[in-house]
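This report refers to the structure that appears directly beneath it.
All heavy atoms count here, side chains included; hydrogens, waters and symmetry mates do not. Order of the sequence lines fixes the chain letters, A, B, ..., with proteins taken first and strands second; residue numbering starts at 1 for each chain.
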2 protein chains.
Amino acid sequence: MTNKHVKEMEALKEHLGKHQLKLTRQRELILNAFLRQEHITAEAMYHQLAKADPHLGLATIYRTLNLFCDAGLAQARHFGSQTKYDNVSHKGHHDHLICTGCEKIVEFENEEIERLQEEVATRNGFTIKTHRLELYGLCSRCRH
Amino acid sequence: MTNKHVKEMEALKEHLGKHQLKLTRQRELILNAFLRQEHITAEAMYHQLAKADPHLGLATIYRTLNLFCDAGLAQARHFGSQTKYDNVSHKGHHDHLICTGCEKIVEFENEEIERLQEEVATRNGFTIKTHRLELYGLCSRCRH
DNA sequence: ATTGAAATTGATAAGCTGTCTCAAAATTAT
DNA sequence: ATAATTTTGAGACAGCTTATCAATTTCAAT
């Protein structure tokens, strides 16, 4: 279970090393839990991990998820008043169709769109590091 | 100045009429200020209108901008920890290139991308109401 | 293995953005 | 003008996230 996400663990360790940060029990715990999700809020993870470690603080979860963002493992997305942290290891899939009726999220990827994004960026002298595309609307069920 | 945005004013009046709401000095004031912007936060508008009306309350601005959203004149967008209200009359322009170095924001529009978005949505049974596309990277100046 | 400097944690206070409350004021229909 | 209803302004309040800080843990150097 702990050795399931070796690649991401290595990426985290590399980031920690580069920035004089330390690998802690909490960071390992949170990473493993995080990688099992597609996207999650800090609050949800807090409750989810309460069983595994009842003393794990909410602040630590926020700090750690933000650390994952710095390390390139996660990406924060502001949704309503909350922040959702996306699992970036499901790469190429981080565009979303979001139903404003039931909050359902469908992931998709579209190479043609990605290509056009590059084109726009180049035309404006930008080098894209990452992007975010969210389409909001109603799913077929909520439309009725 | 007051009769510059007649069309939007009419749209607002129609919405007010339909919902038993009243046209107030503040709503007119805020509408005119809002329509001069591409997008703005409630806080920014609060400071901007402080000269015109020092007693205009922040809550009123929030309420009014949300009212504009209901009326279809504005569109709320969560950006970082803040909410930006987009002027919908400048439609098609709400995609952004964001420099992570200097925080510069370049707006762009690309019809081809919009078309592909519709396609993806349709394929998944969604009806798009709005969308958000942000490309993060470095501008030419920050790359060096 | 021990030590010690530096980073991390947990608990909670504080901060920020946005909404709610409610008495006073403004609007609209009569 | 009057009355019924909505709106406003000011500040209290609430939800989410970050800052603070003493106590603990990590990790590199012994």
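Heavy-atom distances to DNA chain D give each of B:Pro54 and B:Lys22 a nearest nucleotide, and the one nearer the 5′ end belongs to B:Lys22. With the nearest nucleotide of DNA chain C identified for both B:Leu23 and B:Lys84, B:Lys84 has the one nearer the 5' end.
One hydrophobic cluster, built from ILVMFWY side chains closer than 4.5 Å, cannot hold both A:Ile40 and A:Ile98; they sit in different ones.
The separation between B:Tyr46 atom OH and C:dG18 atom P is 14 Å, rounded to whole Å. Here C:dT28 presents its P atom at 16 Å from NE2 of B:His19, a figure rounded to the nearest Å. Rounded to an integer number of Å, the gap from CG of B:Leu21 to C1' of C:dT27 is 12 Å. In this structure, CG of A:Leu65 is placed 15 Å from P of C:dT8, rounded to the nearest angstrom. The CG-P distance, from A:Leu67 to C:dT8, rounds to 8 Å in whole Å. Counting to the nearest Å, the P atom of D:dA10 and the CD1 atom of B:Ile61 are 12 Å from each other. D:dT7 atom C1' lies 12 Å from atom CG of B:Leu56, rounded to whole Å. Whole-Å rounding puts the A:Leu12 CG to C:dA7 C1' distance at 14 Å.
Here the straight-line distance linking atom CD of A:Glu118 with atom CD1 of A:Ile113 works out to 13.5 Å at 0.5 Å rounding.
Salt bridge present: B:Asp53 and B:Arg25 bring a charged side-chain N and a carboxylate O closer than 4.0 Å. A salt bridge links A:Arg115 with A:Glu112: at least one charged nitrogen is closer than 4.0 Å to a carboxylate oxygen.
Residue B:His55 places none of its side-chain N or O atoms closer than 4.0 Å to OP1 or OP2 of D:dT8. The side chain of B:Gln26 places an N or O atom within less than 4.0 Å of a non-bridging phosphate oxygen (OP1 or OP2) of D:dG9. Note on B:Thr41: every side-chain N or O is 4.0 Å or more away from OP1 and OP2 of C:dT17. Phosphate contact (OP1/OP2 of C:dT17, side-chain N/O of A:Ser81, threshold under 4.0 Å): absent. Regarding contacts with the backbone of C:dT8, a side-chain N or O of A:Arg27 is found under 4.0 angstrom from either OP1 or OP2. Applying the 4.0 Å criterion to OP1 and OP2 of D:dT8, one finds that B:Thr60 has every side-chain N and O outside that range. Taking side-chain N and O atoms only, B:Tyr62 has no distance below 4.0 Å to OP1 or OP2 of C:dT19. Residue B:Asn66 places no side-chain N or O under 4.0 Å from the OP1 or OP2 atom of C:dG18.
Between B:Leu31 and B:Leu12 there is a side-chain heavy-atom pair separated by less than 4.5 Å.
Among the protein residues, B:Glu43 comes within range of no part of the nucleic acid, since none of its heavy atoms lies under 4.0 Å from any strand.
Among B:Gln75, B:Lys84, B:Glu107, the single residue meeting the side-chain hydrogen bond (donor to acceptor under 3.5 Å, both in side chains) criterion with B:His39 is B:Glu107.
Listed nucleotides D:dC16, D:dT5, C:dT8 differ in distance to A:Gln82; the shortest reach to its side chain belongs to D:dC16. Distance from the side chain of B:Arg63 is smallest to D:dA10 among D:dA10, D:dC27, D:dC16.
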